[in-house]
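Working notes, structure below.
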Amino acid sequence: TISLHVALPIFPFYARGGKGGSVRILPLPAPLHLLVSVLDLSHLGLKARLELGRMALAFFLNPPSQGDLERTTAEAWLRSCGQGDEVIARFWRPLVVSALNEEPGAASASMLEVVLREGIFAGGTEAAPELPEVSLGELVAEPAVRYIERRGGVVMTRAGVSGLRMDGGRARAAVLRGGGEVEADTFIIAVGPWDAAPLLRSIGSPRALRVSGDLELFRPSPIVTLYLRTGRALIGGAYAGLLDGHFHWVFNRSRRAGGSGGGVHRYSLVCSAAHRLLGKTRDQLKAMAEEDIRSHLPGCAEADIFVTRVIVDRKATFSPAPCLSPRRPGHDALADHEVLLAGDWTGTGLPATLEGAVASGMRCAEAVIGR
C-alpha cells in the first residue's frame, strides 16, 4: 500500500509585489474553523474581512434556497449578501474560478453554494486540499486498466464510437467509426456532454432526443496549463495561489519527479476559466508566465524560465451557467434503453469536479450490478 495523497491544511498565496499570505484550515466544527481563516487573510482590508465574516455567519443562520440561487449568478448572489468589490476580486473570484472553472459573473450561484456547504463552510478538514503524489494517469487510469484486464476485460483505445445499434428499443451494440461493433448487455456513455449528444441521437427515442437537446445547451470552459523548468526554486511548498495574475496556481512538480535533479526545478502554471488565453501563442503564454512569476514570487525577478509544454484544454469542463442544473440528466435517464450516463456533467448535484465524476461512476456501477 502506498500513500497517494498528502493533506495540506494551508492555502499559500502571493499577490503582486511578492506579498504573501496563507489560509489555515483548522479541524474545528463549523463555523469556528472560519474564525482563524478570516483573520489570516492579511491581503484583505478590515472592511472586506468583516464582509466575509458576516456572510459566513448568515450562511449558517439562514441557509439560502437552492431554487433561488439556480436562477442567478455567483457574483449577483455575493453582492446581494453584502460582498464588496475588494472581497469579490481577491477572495471570491479565485475561489469560484478554481472550484467552478468559470467567472463569478457567469457561474451559477447554486453551484457556489454547494462548494461552500460541502467544503469551505463545512468545518473540520472538509476544505483541506489533497494533492496527488503521482499523475492522474498513475492514480486513476492505469490502475483501472489493470483492474479490468486482470478480470478478463478488454480495454480498446483509439476506437471511436459513431452511435449505438438499437433493437426493440434497447441498445445492443456500439458501432465503431473504423468499422465493426462491440456488443454488450448495458452501455455506459462516459464522454463529455458535447460528445454524448450525437450518441444519444442515435437511440432515436423521444426521451433520448430530449436529453440530447438538453446536452446541446452545455458550453465548455477551458483550462490552460504551462509546464516549465527553472534553475531555481520558485516556491517552498507543493503549490501556491497567484492573486491578480494571468495564471491562478503554480504547482511544484519536482516533488512528484523525486526532487530537483541537476539543479533543475519543474513546475506547472494553471489558468482556469481560461477564455481570455485562447488564441494566445506559445510565446505570448510564456511571457505571461514570466510576468506572473517575476511579479508575484519573492526572489524570482531574475529567474530563467523554460516552457517545455503547453496544454490548452478547450473543453476541460462544462460551464455551470445559471438554470443549467435542471438540464443535467441523471445517470439512469435512459436506463430503459440499456444505456447509462456517467460524467461530472450528469445530475450529481456537484460542480464539474473529480468528486462529481466519481459519484456518477459509482451510481452507474451500482445500477449495472443491480440489473
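Because only heavy atoms are used, hydrogens play no part in the values below, and waters and symmetry mates are left out as well, while side chains stay in.
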Can you list every pair that meets side-chain hydrogen bond (donor to acceptor under 3.5 Å, both in side chains) and has a residue in residues 294-313, with sequence neighbours left out?
R16-S295

Tell me the ring-ring contact (aromatic ring centres under 6.0 Å, His included) pairs involving residues 166-191, sequence neighbours left out?
none

Taking only residues two or more places apart in sequence or in another chain, which ones pass side chain to side chain donor-acceptor pair (under 3.5 Å) with R232?
none

Does S135 offer a backbone N or O that forms a donor-acceptor pair with the side chain of E138 under 3.5 Å?
yes

Residue pairs passing the salt bridge (charged side-chain N to carboxylate O under 4.0 Å, His left out) test with at least one member in residues 353-363, sequence neighbours excluded, are none

Please enumerate all residues that pass side chain to side chain contact (heavy atoms under 4.5 Å, CB included) together with A144, with sequence neighbours excluded.
none

Are I203 and L164 side-chain neighbours, meaning at least one heavy-atom pair lies under 4.5 Å?
yes

Sub-3.5 Å donor-acceptor pair from the side chain of R328 to the main-chain atoms of D214, do we have one?
no

Are any side-chain N or O atoms of S202 and backbone N or O atoms of L199, one a donor and one an acceptor, separated by less than 3.5 Å?
yes

S325 meets the side chain to side chain donor-acceptor pair (under 3.5 Å) criterion, sequence neighbours left out, with E70

Sort and list the pairs that fulfil salt bridge (charged side-chain N to carboxylate O under 4.0 Å, His left out) and have at least one residue in residues 191-203, not counting sequence neighbours.
R201-E216

Are S110 and S108 linked by a side-chain donor-acceptor pair shorter than 3.5 Å?
yes

Examine V224 and Y239 and state if one hydrophobic cluster contains both, with Ile, Leu, Val, Met, Phe, Trp and Tyr joined whenever side-chain heavy atoms are less than 4.5 Å apart.
no

Test your reading of the model: is there a side-chain donor-acceptor pair from W345 to the backbone of V191, 3.5 Å cut-off?
yes

Tell me every residue that passes ring-ring contact (aromatic ring centres under 6.0 Å, His included) with Y267, counting only those two or more places apart in sequence or in another chain.
none

Nearest heavy-atom contact between P94 and L243 is CG-CD2, 3.8 Å

Check: T186 side chain, V368 main-chain N or O, donor-acceptor pair, under 3.5 Å:
no

Pairs involving residues 59-68, ordered by first then second residue, that meet salt bridge (charged side-chain N to carboxylate O under 4.0 Å, His left out) (sequence neighbours left out):
D68-R71

Electrostatic pair R371-D332, nearest N-O below 4.0 angstrom:
no

Are L44 and L116 linked, directly or through intermediate hydrophobic residues, by side-chain heavy-atom contacts shorter than 4.5 Å (ILVMFWY only)?
yes

Can you name the side chain to side chain donor-acceptor pair (under 3.5 Å) partners of K280, sequence neighbours left out?
none

E86/R90 salt bridge by N-O under 4.0 Å criterion
no

Cationic tip of R151 within the cone over Y147's six-membered ring, i.e. under 6.0 Å and within 45° of the normal?
yes

Is the count of non-hydrogen atoms from other residues, nucleotides or ligands lying under 6.0 Å from R79 atom CZ greater than 12?
yes

So CG of L100 and OG1 of T353: to nearest 0.5 Å the spacing works out to 9.5 Å

Pair H246, E290: side-chain N/O donor-acceptor within cut-off below 3.5 Å:
no

Which residues pass the side chain to side chain donor-acceptor pair (under 3.5 Å) test with R170, not counting sequence neighbours?
E338

Residues 310-341 vs ring-ring contact (aromatic ring centres under 6.0 Å, His included), sequence neighbours excluded, gives F218-F318

Taking NZ, NE, NH1 and NH2 as the nitrogens, is one of them in E75 or R93 under 4.0 Å from a carboxylate oxygen of the other?
no

For W77, does its backbone N or O pair with a side-chain atom of S80 as donor and acceptor, under 3.5 Å?
yes

D283 CG to K286 NZ distance, which is reported to the nearest 0.5 Å:
7.5 Å

Taking A357's backbone N and O only, do any of them form a donor-acceptor pair with S360's side chain (distance below 3.5 Å, no angle check)?
yes

Is a side-chain donor or acceptor of S221 paired with a backbone partner of N101 at a separation under 3.5 angstrom?
yes

L69 with F60, same ILVMFWY side-chain cluster at under 4.5 Å:
yes

More than 12 heavy atoms of other residues, nucleotides or ligands under 6.0 Å from CG of L217: is that the case?
yes

Quick check: does any side chain N or O of E149 sit under 3.5 Å from a backbone N or O of R146, one acting as donor and the other as acceptor?
no

Side-chain donor/acceptor of R54 to backbone N/O of G82, under 3.5 Å:
no

